Amino acid sequence: MLYRRSSLGQSPWLKYSLIGLAFVIMTLYVLAPLAFIFVRAFSQGWANYLSVILDPYTRHAIGLTLVVALLTVPINLLFGTFLAWLVTRYEFRGRKLLMTLIDIPFAVSPIVAGLLYLLLYGSQGLIGGWLDQYDVQLMFAWPGLVLVTLFVTSPFVARELIPLMQQQGQDEEEAAISLGANGWQMFSQVTLPKIRWALLYGVVLTNARAMGEFGAVSVVSGSIRGQTNTLALHIELLAQDFNAVGAFVSASLLASLALFTLLIKALVEWRQQQQLNTSLEDSQ
Amino acid sequence: MSIRLSNISKTFGQFQALQPINLELPKGQFTALLGPSGSGKTTLLRIIAGLEHADQGQIFLDQQDVTRQPIKDRQVGLVFQNYALFRHMTVADNIAFGLKLRKLAKAEIHKQVMALLEMVQLPHLAKRYPAQLSGGQKQRVALARALAINPRVLLLDEPFGALDEQVRQELRRSLRQLHDQLGFTSVFVTHDQQEALELSDQVVLMSHGRIEQQGSPKELFERPQSRFAFEFLGHNNLFQGQLQHQRLVQGQAWLQLNATSSATSEQGTVLLRPHELSLANQASEQAHLPMQITAINLVGPQVQIELEPQGWQSDKPWQVGISHQQFHQWQPERGQLCFAVPHLAHFFASHDSPPQSLRFEQLSKSSQLVDERQLAYNSLT
Amino acid sequence: MLSFRHRGILPGFGLSLGISLLFVSLVLLLPISGLVIQLSDMSWSQFWWVITDPRVVASYRVTLVSALIASLINGLLGLLLAWVLVRYDFYGRRLLDGLVDLPFALPTAVAGIALSALWASNGWYGPVLDQLGIKVAYTPLGIIVAMAFTSLPFVVRSVQPVLEDLPAEDEEAAASLGASDLHIFATVILPAIWPAWLTGMALSFTRSLGEFGAIIFIAGNMPFVSEITSLMIFIRLQEFDYAAASAIAAVVLLASLLLLLAINLWQNRYLKRLQGRS
């Protein structure tokens with residue numbers, strides 16, 4: 001680290017009491033809830049844990065959660081990459097507006113997000129009413145889950161890529177073009193290798209949110225067991241059934257996903273730090 | 001490959017980056033686009049490359065109109081200011097990039113890459129990544145990569161900008177050698193007048209999106225045609241004053257003008273360049289410019305003497321260069337009084353008017369004689 | 001609104017513009033237009049009647065007050081964490097840094113069920129608090145706990161980079177002039193970090209306003225006492241009163257968009273000032 005610390009606040013008793021305080025708070029505040037999930041999930045042993053997971057409704061919820069993520073992640077990956085390319089590589093009017101629009105899903109309550117889709121695609125809605133004539137129902141069915149999840153997770157990839165691509169500039173892309181590359185060759189051979197780690201993290205974040213989304217999907221799902229119940233909704237249903245262990249088993253699956261996400265984040269940051277270090281060492 | 005630009009102009013929003021520009025760069029020449037930042041030189045280079053579209057005008061490479069041709073078909077070699085090496089590829093892969101796109105056989109690519117690495121004297125670094133190279137090495141790799149596609153024109157954006165002086169000297173020399181050897185047409189952008197004058201066959205001096213002046217380094221240095229050109233091409237000593245009886249007067253100082261220059265206005269400015277002046281213990285008949293020596297810099301091929309006006313004003317201190325031999329004979333010291341004796345001066349009636357050169361040849365010879373007698377006298381006592 | 005003359009020659013402008021516009025229109029703008037259409041069916045008095053219903057007004061109060069308290073708690077906690085993470089080297093620093101992000105990564109329903117059970121009488125914290133006569137789970141206090149948990153990272157991640165960029169020279173200069181640590185903190189560090197600190201708290205506040213999943217598990221959801229506004233929308237939807245749900249949603253949407261806009265403007269101004277200085 002190049003950062004030079006000043007002596008401020010470095011007296012040992014202050015330092016160690018502040019560090020201690022930080023650890024105590026984080027343990028009580030963040031670590032304990034996490035640990036609690038696993039403790040409760042395994043409170044009746046491995047066998048019970050497995051039997052909850054193997055329960056047909058839980059299995060269906062897991063499957064549906066995977067399907068939703070499998071559909072939303074690639075679409076948002078594609079969209080996020082194109083959007084990041086657009087706003088970092090070209091100067092055009094409306095660029096700022098576009099960047100503000102893409103932030104809306106971050107600011108909007110997921111319940112409002114669900115409502116927006118229900119109004120449009122529900123049987124009384126503009127598009128929903130029309131689809132109804134052809135017996136196509138999107139809301140309270142799996143396509144509705146995919147649509148709202150698409151909305152809620154749309155900013156993640158672009159948000160990861162935009163600052164990085166802005167900072168990297170476009171010299172390398174211009175060099176590739178001047179050497180005769182076409183658009184695809186430039187993107188796949190020059191741009192993609194530069195952004196792959198941020199892209200990976202964006203995908204992991206999108207995936208985590210897609211699998212864990214609760215508010216928006218609860219509005220459009222109807223929570224029908226074995227049909228429109230995702231894992232996050234399943235937790236609530238089981239809790240309402242006073243099946244606490246079952247709820248915590250489902251929660252532990254999603255908590256593991258969160259830990260995996262953090263692991264990838266640490267890995268990406270470690271990679272970037274390493275790259276930075278090599279370039280710093282060599283420039284000296 | 002000759003380059004011709006006809007009426008090229010470019011605006012970014014409200015900012016006029018390039019006024020309509022006409023320019024002809026003959027085949028095989030090494031041209032410098034010289035100017036301060038914001039003068040439009042990089043924009044012009046990017047337009048020639050095809051990295052930027054001109055709002056208007058046409059570009060011809062060898063009489064062929066390439067204005068609408070995309071950059072990938074123009075076959076121009078580009079060296080970027082920060083080299084823009086592909087950071088995830090080795091040196092060899094960087095150089096091979098353009099060759100691979102041309103679908104050459106593997107063995108052929110390898111052969112050409114090695115030849116290019118030999119040319120830029122880096123065959124031992126083929127397996128390194130850009131982050132592991134020094135600035136000068138990166139620059140050579142960027143050059144090799146640009147040359148790999150056998151460009152019709154080589155364009156370089158501030159090629160030596162980020163390098164230290166010694167590496168810069170060395171690279172300048174090897175670039176010039178490569179140019180002479182391979183005979184391509186090259187254009188490079190720089191803000192460094194020394195670099196431009198030293199390296200190029202032709203200098204295009206730019207400011208505010210316009211071409212200020214264009215010519216060989218010799219022409220440009222000997223006959224700057226505007227105040228801007230003077231100021232950009234090195235240090236100038238300034239003498240501002242009122243016109244009185246064919247003299248430019250300020251306080252105790254004056255300078256003799258000729259009939260044509262004095263007729264036009266009531267006041268004016270004279271620029272005197274350090275190498276067009278000498279120093280003497282007596283004023284000449286045509287200039288009375290009393291000075292006091294404030295600093296002496298011995299480092300360099302010439303002795304730089306810095307002077308403060310005596311009995312008149314100047315915004316910046318004056319500079320005069322004298323030879324080391326002269327310095328040894330004369331032995332001037334800080335605080336010593338003397339007179340500036342011009343051989344050549346450039347008169348401006350106003351800021352935008354063209355310069356009128358004033359020669360003081362006769363006089364400078366006689367003053368030089370006086371000078372040397374004086375010097376001899378000084379050295380005896 | 002959009003102008004298609006662009007700068008630069010890199011390929012893909014048309015394609016990326018097309019895909020972006022298509023996506024933004026279909027996924028973001030079209031659904032919002034659905035809300036506008038729904039609202040246009042209502043008269044002003046109807047709209048006003050729905051959004052000023054006493055139970056709904058109570059939910060505004062609960063949501064705002066809880067979010068405010070939660071973001072203040074996070075302001076203090078976040079500052080402490082940012083300071084410790086930036087200024088001290090210690091075993092476990094990376095772990096602590098990683099833990100900060102956990103609330104973002106953990107699905108809200110998971111956070112909700114964990115927090116509610118943890119703070120409940122049969123959890124780990126509940127029994128201790130019961131002896132003190134404090135109830136957190138299924139009370140408004142629970143809402144604050146859930147909000148503070150889910151929005152914890154904002155303040156840390158806003159303050160951290162600013163604290164890192166603070167030149168040591170400033171503090172050393174102040175120290176060499178004989179200032180005490182506390183004095184230096186108040187006169188050198190605080191003025192440098194407070195815009196970022198405030199931004200972090202504002203982001204935390206905005207996020208808390210919109211939080212749903214974590215809260216409904218722990219709040220108890222008693223009318224007039226511990227119902228948040230998002231839940232009011234949800235309840236109206238379950239009653240199939242789409243009009244009322246839309247009206248409340250419009251209030252929430254408008255409030256959060258205005259907040260986001262204000263934060264963006266504030267950040268821009270603040271960033272410009274920083275850049276102007278360097």
Side-chain angles (χ1 to χ4, degrees), chain A residues 3-6 8-9 15 18-19 22 25-26 30-34 36-37 79 82-83 85-86 89-94 101 103-104 107-112 115-117 119-120 125-126 150-151 154 170 173 183 208 212 214-215 219 232 235-236 239 247 251 254-255 258 261-262 265-266, chain C residues 1-3 6-8 10-13 16-17 19-20 23-24 27-28 30-32 34-35 37-38 77 80-81 84 87-88 90 96 98-99 101-102 105-110 113-115 118 124 164 168 171-172 181 184 206 210 212-213 230 233-234 237 245-246 249 252-253 256-257 260:
Chain A
Y3 176 72
R4 186 160 67 96
R5 288 187 175 82
S6 90
L8 184 68
K15 175 178 168 179
L18 286 181
I19 293 173
I25 289 174
M26 284 309 274
V30 175
L31 207 54
L34 183 69
F36 189 79
I37 295 166
F79 158 69
F82 274 112
L83 185 89
W85 180 261
L86 182 71
R89 294 299 179 251
Y90 310 104
E91 207 55 73
F92 57 96
R93 241 188 304 163
L101 283 179
D103 267 349
I104 288 181
V108 167
S109 160
I111 294 295
V112 176
L115 170 87
L116 293 178
Y117 274 79
L119 290 178
L120 188 66
L126 198 64
L150 214 51
F151 175 91
S154 56
Q170 59 188 50
E173 277 84 359
F214 176 77
V219 172
I235 296 174
E236 195 200 15
L254 287 177
T261 308
L262 291 184
K265 177 168 195 263
Chain C
M1 224 165 54
L2 289 155
S3 132
H6 66 281
R7 206 183 141 176
L10 290 178
F13 180 74
S16 54
L17 183 77
I19 287 184
S20 299
F23 188 91
V24 167
V27 174
L28 299 177
L30 192 63
I32 292 176
L35 179 69
I37 291 168
Q38 177 77 38
L77 267 182
L80 169 73
L81 284 168
V84 167
R87 291 297 171 120
Y88 303 135
F90 52 91
L96 198 66
L99 271 184
D101 282 324
L102 187 74
L106 204 62
T108 55
V110 177
I113 190 170
L115 288 174
L118 190 65
W124 288 349
E164 255 165 26
E171 291 162 37
E172 284 165 357
D181 275 11
I184 296 172
T206 315
F212 176 73
S230 290
I233 302 173
F234 193 75
L237 278 176
S246 306
V252 173
L253 189 64
S256 44
L257 287 185
L260 187 73

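Just so it is clear, the structure is predicted and the values come from calculations on it, not from any experiment. Each chain gets a letter, A, B and so on, in the order the sequences are listed, and its residues count up from 1.
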Subject >> Spacing of A/Met26 atom CE and C/Leu102 atom CG [to the nearest 0.5 Å] >> reply: 8.0 Å
**OP:** Heavy-atom distances under 4.5 Å only: say whether C/Leu35 touches chain A with side chain, backbone, both or neither.
**Re:** both
Original post:
Can you name the nearest heavy-atom pair linking C/Gly98 to A/Leu262, along with the distance?
Top reply: O-CD1, 3.8 Å
Subject >> Separation between CG of C/Leu10 and OH of A/Tyr90, rounded to the nearest 0.5 Å >> reply: 5.5 Å
Original post:
What closest approach, in Å, do A/Pro33 and C/Leu115 show between heavy atoms, and which atom pair accounts for it?
Top reply: CG-CD2, 3.9 Å
Subject >> Rounded distance [0.5 Å steps], CG in A/Leu119 versus CD1 in C/Ile32 >> reply: 11.5 Å
**OP:** Considering only heavy atoms and a distance below 4.5 Å, find which of C/Val24, C/Ile37, C/Leu28 pairs most often with chain A.
**Re:** C/Leu28
Original post:
Under the ring-ring contact (aromatic ring centres under 6.0 Å, His included) test, which residues partner A/Phe79, sequence neighbours left out?
Top reply: C/Phe23
Original post:
Is it the side chain or the backbone of C/Phe90 that comes within 4.5 Å of chain A heavy atoms, both, or neither?
Top reply: side chain
Subject >> Most contacts with chain C, counted as non-hydrogen pairs under 4.5 angstrom, among A/Ala266, A/Ala247, A/Pro110, A/Ala258 >> reply: A/Ala258
Original post:
If you count heavy-atom pairs under 4.5 Å with chain C, which of A/Ile104, A/Leu31, A/Val30 comes out on top?
Top reply: A/Val30
Original post:
Atom CG in C/Leu80, atom CD1 in A/Ile25: separation rounded to 0.5 Å?
Top reply: 5.5 Å
Original post:
Under a 4.5 Å heavy-atom cut-off, does chain A meet the side chain of C/Leu81, its backbone, both or neither?
Top reply: side chain
**OP:** Give the member of C/Ile233, C/Leu99, C/Thr206 that has the highest number of heavy-atom pairs under 4.5 Å with chain A.
**Re:** C/Leu99
**OP:** Answer with side chain, backbone, both or neither: which region of C/Leu77 has an atom nearer than 4.5 Å to a non-hydrogen atom of chain A?
**Re:** side chain
**OP:** Identify which part of A/Leu254 has an atom lying under 4.5 Å from any heavy atom of chain C, answering side chain, backbone, both or neither.
**Re:** both
Original post:
What pair of heavy atoms forms the shortest contact from A/Gly183 to C/Pro11, and how long is it?
Top reply: CA-CG, 3.5 Å
Original post:
In Å and rounded to the nearest 0.5 Å, what is the CZ to CD1 distance from C/Phe212 to A/Ile111?
Top reply: 3.5 Å
Subject >> Among A/Ile235, A/Leu115, A/Leu101, residue most engaged with chain C (heavy-atom pairs, under 4.5 Å) >> reply: A/Leu115
Subject >> Under 4.5 Å from a heavy atom of chain A, the part of C/Val252 involved >> reply: side chain
Original post:
Taking every heavy-atom pair that is under 4.5 Å apart, which of C/Ser20, C/Gly34, C/Ser256, C/Ala109 has the most such pairs with chain A?
Top reply: C/Ser20
**OP:** Using a cut-off of under 4.5 Å on heavy-atom pairs, state which of C/Ala249, C/Ser230, C/Ala105, C/Ser16 scores highest against chain A.
**Re:** C/Ser16
Subject >> Distance in Å, C/Ile113 CD1 paired with A/Ile37 CD1, rounded so as to fall on 0.5 Å steps >> reply: 8.5 Å
Subject >> By ring-ring contact (aromatic ring centres under 6.0 Å, His included) - contacts of A/Tyr117 (at least two apart) >> reply: A/Tyr121, A/Phe151
**OP:** For chain C, find which of A/Val112, A/Leu150, A/Leu86, A/Leu18 contributes the most heavy-atom pairs closer than 4.5 angstrom.
**Re:** A/Leu86
Subject >> Part of A/Leu120 within contact of chain C (heavy atom distance under 4.5 Å) >> reply: side chain
**OP:** Let me know if C/Leu118 has heavy atoms under 4.5 Å from chain A in its side chain, its backbone, both or neither.
**Re:** both
